[in-house]
Amino acid sequence: MAIGAALATGGAIVTLLPSANAADEKTPDQIMRMCQRSAVLNGKQQSVRDFGGAFADGFESDNCDFVETKFETFDGPTEKSSIDFPNCEPNATDPAKVSITWSATAAQGQGKYTVTQQGAGGGLFGFLSGSWLKHKGTLDMTVKSATAGATEQREVPVGKVLHMEFTPKIQRMTGEWRVRIDADPGSFAVNPSPEQNFVAPDVVEGPVILPGAAGAPGVADGTSKAVLEDC
């Protein structure tokens, strides 16, 4: 059962340049395209082949960096993680001893914009991994989900139905993609132009991960509990 990470939706973005006018403003998708097609992306020199361009296409900006502005953890949505185990027989007099196997999946979140949602290291999304992984216990962005589960021995009182629930720990990284076009001093045939700066905020969520045993993949952190309801 998937526990989806709720992601913020995109909003209107304006340029950071004080002298910007309406002609200089860009939509979030335009800014992200400029970022993807930047000559230097998060400190790495790109070639046009890195974003599927041809030599004649050139770059659309000089530099783009992701700058983290906030990181927080919180409880994700609680989900039912097992089947029901009833002790509802009319003549039942003793608690029922059951072996419950439960499992839950916490999904990796992605960025708001089309070019950051390619996942598996593709597009701009892969460049977020460096910022994401510096936080202890965070899922690698090339992995789409992490699971948690166990088998537990429980007792179901007479007249009750038992099931397990799991509440994952979620982490949220807020930041900005900052795009720069360098100033052009101009030439005989080209008018000079000032430096231009644009920003597109982004929010990414994903599960907190506990280390796996003996090299196994990490498991999703969170809290499991037994829930009893009347028959």
Side-chain angles (χ1 to χ4, degrees), residues 1-11 28 32 35-36 41-42 65-85 99-154 162-177 200-229:
M1 47 202 311
I3 301 173
L7 299 177
T9 57
M32 297 310 294
C35 181
Q36 185 183 33
L41 178 55
N42 266 17
D65 287 307
F66 179 80
V67 179
E68 182 184 326
T69 57
K70 186 177 182 181
F71 198 88
E72 55 194 317
T73 60
F74 54 94
D75 287 338
T78 297
E79 298 283 347
K80 185 176 180 180
S81 57
S82 77
I83 63 172
D84 290 333
F85 291 83
S99 178
I100 296 180
T101 298
W102 62 270
S103 179
T105 299
Q108 179 72 274
Q110 294 188 2
K112 295 187 296 186
Y113 308 114
T114 302
V115 289
T116 64
Q117 293 174 349
Q118 297 174 23
L124 294 179
F125 194 64
F127 284 93
L128 292 177
S129 289
S131 298
W132 194 240
L133 288 175
K134 75 180 183 182
H135 299 284
K136 183 179 179 181
T138 305
L139 184 62
D140 185 331
M141 285 198 167
T142 63
V143 180
K144 293 185 177 180
S145 65
T147 60
T151 298
E152 303 180 18
Q153 307 304 312
R154 296 276 182 171
L162 182 148
H163 71 263
M164 299 297 293
E165 292 183 348
F166 181 73
T167 303
K169 292 291 184 184
I170 300 295
Q171 298 186 124
R172 175 187 293 147
M173 182 172 68
T174 304
E176 298 174 339
W177 294 98
D202 214 345
V203 178
V204 178
E205 293 179 0
V208 179
I209 301 300
L210 298 172
V219 297
D221 190 11
T223 304
S224 65
K225 68 175 182 178
V227 177
L228 291 171
E229 298 176 330

Drop me the distance from [X]'s [atom1] to [Y]'s [atom2], to the nearest 0.5 angstrom.
X	Y	atom1	atom2	value
His135	Ile209	NE2	CD1	14.5 Å
Glu79	Thr105	CD	OG1	10.5 Å
Glu176	Lys70	CD	NZ	13.5 Å
Arg154	Phe85	CZ	CZ	11.5 Å

Of the non-hydrogen atoms in [X] and [Y], which two are nearest, and what is the gap between them?
X	Y	answer
His163	Ile83	CB-O, 3.8 Å
Phe66	Gly175	CZ-CA, 3.6 Å
Pro207	Ala107	CD-O, 3.6 Å
Ala148	Phe166	CB-CZ, 3.7 Å

Exercise. Go through the steps for Thr174 and Arg172 under the test side chain to side chain contact (heavy atoms under 4.5 Å, CB included), then give the verdict.
Key: CA-CA 7 Å; Thr174 304; Arg172 175 187 293 147; 4.2 Å; yes
Quiz prompt | All side chain to side chain contact (heavy atoms under 4.5 Å, CB included) counterparts of Thr78, not counting sequence neighbours | solution = Glu165, Thr167
Quiz prompt | Non-neighbouring partners of Leu228 that pass side chain to side chain contact (heavy atoms under 4.5 Å, CB included), sequence neighbours left out | solution = Pro157, Lys160, Leu162
For [X], enumerate each residue passing the side chain to side chain donor-acceptor pair (under 3.5 Å) test, keeping only those at least two apart in sequence or located in another chain.
X	result
Thr101	Thr151
Ser99	Gln153
Asn42	none
Glu229	none

Self-check item: Residue from Pro201, Pro28, Cys35 passing side chain to side chain contact (heavy atoms under 4.5 Å, CB included) with Trp177
Solution: Cys35
Quiz prompt | Exam field: side chain Ser82 to backbone Met164, donor-acceptor pair closer than 3.5 Å | solution = yes
Exercise. Say whether, by atom type as modelled, one donor and one acceptor occur between the side chain of Ser103 and the main chain of Gly149 under 3.5 angstrom.
Key: no
